[in-house]
Structures are given as structure tokens and as C-alpha cells.
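So the structure is just underneath, and the comments pick up after that.
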Amino acid sequence: MCIRFSGGRPTYNHYIVRGFVTALIILMLQTFFHAWERRLASVSTDRVVRPFDWGLEWIPQNGQPHQDPGDALGSWVSHVMSDTDAFFTPAPTGDYHFEPAVDGSGLLTFPSALVTPHRDNNTVRCRFFPARTSRSGPKAGSSAAVLVMPQWNADPDGHVGLCRLLAWNGMSALRLSLPYHDQRMPPELHRADYIVSANVARTVQVCRQAVLDARRAIGWLASHGYSRIGILGTSLGSCLALLTAAHEPLIRAEALNHISPLFADVVWRGLSTRHVRDGLEGHIELDLLRALWKPISPQWYLERLRDRQTLLVYARYDLTFPRDLSEDLVRAFREGGIPHEVAVLRCGHYSTGKTPFKYVDGWVLTRFLKRALINSEV
């Protein structure tokens, strides 16, 4: 639409004015959302700056006790990256326990494939929401199911509304509590600090644990007849969902909500992880951190996603997953010729969970998964 001051055809000056007004509106929106994001982030007052640690006790010992810690971790990471299938594949288990509820939903528990020093964290807990086409319990109707991986520090009800929306649209949903979240959190914690922290190796291993847990959860879905399986992750859950999809052949579609190619850069630059950076800074440089967190960085697994349907969602005014990082991942998909769809939310990271943006986000995610898992079914 052109700006006209006195009728007639627009002039060069009119286009200049229009461009100025557009730029001003964009700046005002950015200022508003960035201020809102900072206010929402400031609600949490229990963030703790934990001390830096290489976390060598979290990796197998290599028989070189006097090796530099950074070099020891580097050698371990190189070994991991030489065979990530071995790193991210859990041993089979049949030790699943499902407690049904009256409405057909229920609680699934099973042992984690990675045993940590914290007993509470070693039992995986998932809430099951049957598709509305199901009569009751697991696999009573639709063959489509979605594993849902919420964001870092999600409370027990986080993403439950989204699970119910998926179920209403004909897809059973299995919500996985991430390691050190909910009832998996040991008594000394108030936040899920051990999955993202200034302890370098522990962060890798606990994120790995989440992927192993996700694959066992998907194994349970498959054992109950679900043949069209998708995965949905938000924020940290998005990163973990991509790692899972890259290694789990049963997954047909992935909906990734808030994205970045590099784990270290989000922690280093993100609004939500400033306290983690405070623990890291002065002990390790960003380049080395990128290298040591390579096993949990999506950038290195994109070639594995060629036969998956992928939705990439990011927020225009995100300060937690900075927009340029999200656009870097989209660009990597595009330049690699990897099939994908993109949705850009007109909000920020925290404000994605606020009205009306949470409804827009839920609709975008559900529409994609329904099309990928149900509408494409032959």
C-alpha cells in the first residue's frame, strides 16, 4: 500500500516515507517484545551460578590420569562422533509399566538406559494421552502417535494442553519428562540444572540420557501398534527431538519448536542461560565449548534427516534462541537440500507461551504433524 499525501501517483519521496514508517514499526515491535521477554525471564529468581567442572567422572576413563582435562574430553568426543549410533542407541528393555486412568490416559514408567548417580532420575516417566479415535488405553484406534519433549524446566503440566490438542486431532501423545525434571529431580535441586550446566561432560551425558529415554519411549509406542510416529520438541526439547529423530528410524516426522544449530551458542548468548555462561566464562572459550558439545549440537546430524518430514519453528523476537542462530539452521537445511517447512512466530521465546501466540504455535505444530502422520496415510 502506498502513502499518498495529495492524491495522484506515488512519488519517490512517498516510498522513502513508507520505508521509514515500516522500519519504525519494526523497531517498535522489537523493542516491545524484547522488553516483554526480559520481564518474563526475570520472573524466575532461583537461578544459581554453579561452578565450572570438566565433569570427567561422567565419561569412561582412558587410562591417562595426568592428561589435560580438555584434551581428555576432546578425545572422548572424537570417539563419540565416530559412531553416534552406538552413543545414542539404548539397550532393549521390556521393563515397561503402564498405569491406566479412567479416561483412557495413563502413566508409563520404565528404567532409563543411562544410570546416573541420582536414583530419582533413573526412572523415566511419561504421561499418555490417547487419540480421541481410541476407545481407551494405548493403541485402541489411530496408528499415529507423537512423542512430546517439553522445554527446559517445564513443570509437570507443561505441554499437557498441547498433548490434548494432538489427541483431539487423532494422534495419541506421549509426554516425556526430561532427565532431572518433575519427579526425576533429586531433593537438592529446585531447577533442572544438571541437564544444562557449567559441568561440560555431565551436560552431554544427561542430554544423551534424554535421547536414550526418548528412543525407549518410542519403542513402547511401536510395541503397541503405533506405526506412524512423530516427535515434537520445544526449546531444549527441540534439540533433543532432532537428535532422537536423527538416530531413531521409527520416526517419520519431527516438529522442532525454537531451533539452533549449535548447543554451545545458545547457552553462551541466550537470555535464559546467562547464569550458566557465568559459570563457564573464564574457564573455557566458546570455540572449545562448541567442540566439546558437538555430540549434542543439531548441526552435525542434518544429513540423517533426509527421509524425515521436518517443521522448523522459530520466533522473530527470541532472545533465548537468538534469531540469527535459528536462521542459520534453516539455511543449513535449505543449502543441504534437506526437506523441511518453516514457520516464523511474531513473538519471542517466553511470549510463545502467552495468549494469543500459544494458540498460533499449537495450531502450526498440530497441523504439520496431522498432515504428516494422518493425512498422508494410505
Side-chain angles (χ1 to χ4, degrees), residues 40-61 69 72-73 76 90 95 97 107-127 148-160 175-214 216-217 233-237 239-240 243 263-264 266-268 270-284 289 292-293 295-296 320 350:
L40 292 171
S42 68
V43 170
S44 296
T45 58
D46 57 349
R47 294 184 178 94
V48 176
V49 178
R50 297 190 181 275
F52 173 82
D53 198 321
W54 293 104
L56 295 182
E57 70 276 12
W58 285 81
I59 68 171
Q61 299 303 307
L73 278 184
W76 176 69
D95 191 9
H97 180 65
L107 175 67
L108 172 69
T109 58
F110 56 89
S112 178
L114 180 67
V115 178
T116 68
H118 305 93
R119 181 178 178 182
D120 293 337
N121 182 51
N122 295 331
T123 298
V124 185
R125 306 175 69 86
C126 304
R127 293 177 65 180
V148 177
M149 304 184 77
Q151 76 274 17
W152 187 31
N153 286 301
D155 62 38
D157 292 325
H159 282 49
V160 166
R175 179 202 182 276
L176 185 148
S177 289
L178 298 181
Y180 292 103
H181 286 68
D182 307 333
Q183 290 179 275
R184 302 181 67 175
M185 185 179 294
E188 70 264 24
L189 293 182
H190 298 284
R191 295 172 55 86
D193 285 352
Y194 292 169
I195 194 170
V196 180
S197 73
N199 186 309
V200 180
R202 182 177 65 193
T203 297
V204 175
Q205 289 284 39
V206 179
C207 287
R208 173 198 184 196
Q209 182 183 32
V211 175
L212 297 175
D213 295 346
R216 279 193 170 177
T234 292
S235 194
L236 172 63
C239 171
L240 302 173
L243 299 180
F263 197 100
V266 170
V267 171
W268 203 262
L271 177 64
S272 302
T273 47
R274 285 182 176 173
H275 62 296
V276 180
R277 176 175 174 172
D278 287 344
L280 292 164
E281 207 159 21
H283 302 280
I284 188 170
L289 189 63
L292 297 181
W293 280 353
I296 54 174
T320 296
Y350 286 91

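If you're wondering where the values come from, they're calculated on a predicted model, not measured in any experiment. Every heavy atom of this structure was used, including side-chain atoms; hydrogens, water molecules and symmetry mates were not.
In terms of heavy-atom proximity, Ala264 sits nearest to Trp293 at CA-CE3, 3.7 Å. Of all non-hydrogen atoms in Leu243 and Pro295, the two that sit nearest each other are CD2-O, 4.1 Å. Of all heavy-atom pairs between Asn153 and Ala192, the closest is OD1-N, 2.7 Å. What you find for Pro150 and Leu178 is that their closest heavy atoms are O-CD1, 3.4 Å. The two residues Met149 and Ala210 come nearest to each other via the heavy atoms CE-O, 3.9 Å. For Val124 against Pro111, the heavy-atom pair with the smallest separation is CG2-C, 4.2 Å.
When side chains are defined from C-beta on, Leu56 does not count as touching Trp76, because their heavy atoms never get closer than 4.5 Å. Looking at Leu280 and Phe52, their side chains come closer than 4.5 Å, going by heavy atoms from C-beta outward. You'll find the side chain of Asp213 reaches within 4.5 Å of the side chain of Arg184, heavy atoms only. At least one side-chain heavy atom of Leu176 sits under 4.5 Å from a side-chain heavy atom of Cys126. In this structure, Arg216 and Ser112 have side chains that are not in contact, with every pair of non-hydrogen atoms separated by 4.5 Å or more. Taking the side chain as every heavy atom from C-beta outward, Leu240 and Cys207 approach each other to under 4.5 Å.
No donor-acceptor pair under 3.5 Å is formed between the side chain of Thr116 and the backbone N or O of Val206. Side-chain N or O atoms of Trp54 include none that pairs as donor or acceptor with a backbone N or O of Val200 at under 3.5 Å. Judged by distance alone, with hydrogens and angles left aside, the side-chain atoms of Gln151 form no donor-acceptor pair with the main-chain N or O of Ser235 at under 3.5 Å. In this structure a side-chain-to-backbone donor-acceptor pair under 3.5 Å is present from Thr203 to Ser197. No donor-acceptor distance shorter than 3.5 angstrom exists from the side chain of Asn122 to the backbone of Val115, with no hydrogens or angles considered.
Atom NE2 of His159 is separated from atom CG of Asp155 by 11.0 Å, given to the nearest 0.5 angstrom. Note that the CZ atom of Phe263 and the CG atom of Leu236 stand 5.5 Å from one another [nearest 0.5 Å]. The CD atom of Gln205 sits 8.5 Å away from the CD1 atom of Ile59 when rounded to the nearest 0.5 Å.
The aromatic rings of His118 and Tyr194 sit tilted relative to each other, their planes meeting at an angle between 30° and 60°.
In this structure Ser177 satisfies the side-chain hydrogen bond (donor to acceptor under 3.5 Å, both in side chains) test together with Arg175, Asp182, sequence neighbours excluded. Annotation: salt bridge (charged side-chain N to carboxylate O under 4.0 Å, His left out) contacts of Arg202 (sequence neighbours excluded): none. Not a single salt bridge (charged side-chain N to carboxylate O under 4.0 Å, His left out) links Arg208 to another residue, sequence neighbours left out. A search for salt bridge (charged side-chain N to carboxylate O under 4.0 Å, His left out) contacts involving Glu281 returns Arg277, not counting sequence neighbours. With sequence neighbours excluded, the residues that form a salt bridge (charged side-chain N to carboxylate O under 4.0 Å, His left out) with Asp157 are Arg127.
A side chain to side chain contact (heavy atoms under 4.5 Å, CB included) with Tyr180 is found for exactly one of Val196, Leu189, Asp120, namely Leu189.
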Show your reasoning for whether side chain to side chain contact (heavy atoms under 4.5 Å, CB included) applies to Ile284 and Leu292.
-> CA-CA 10 Å; Ile284 188 170; Leu292 297 181; 4.1 Å; yes
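Residue pairs meeting the salt bridge (charged side-chain N to carboxylate O under 4.0 Å, His left out) criterion with at least one partner in residues 43-59, sequence neighbours excluded, are Asp46-Arg191, Arg50-Asp193.
Residues Thr109 and Thr123 have side chains that never bring a donor and an acceptor to within less than 3.5 angstrom of each other.
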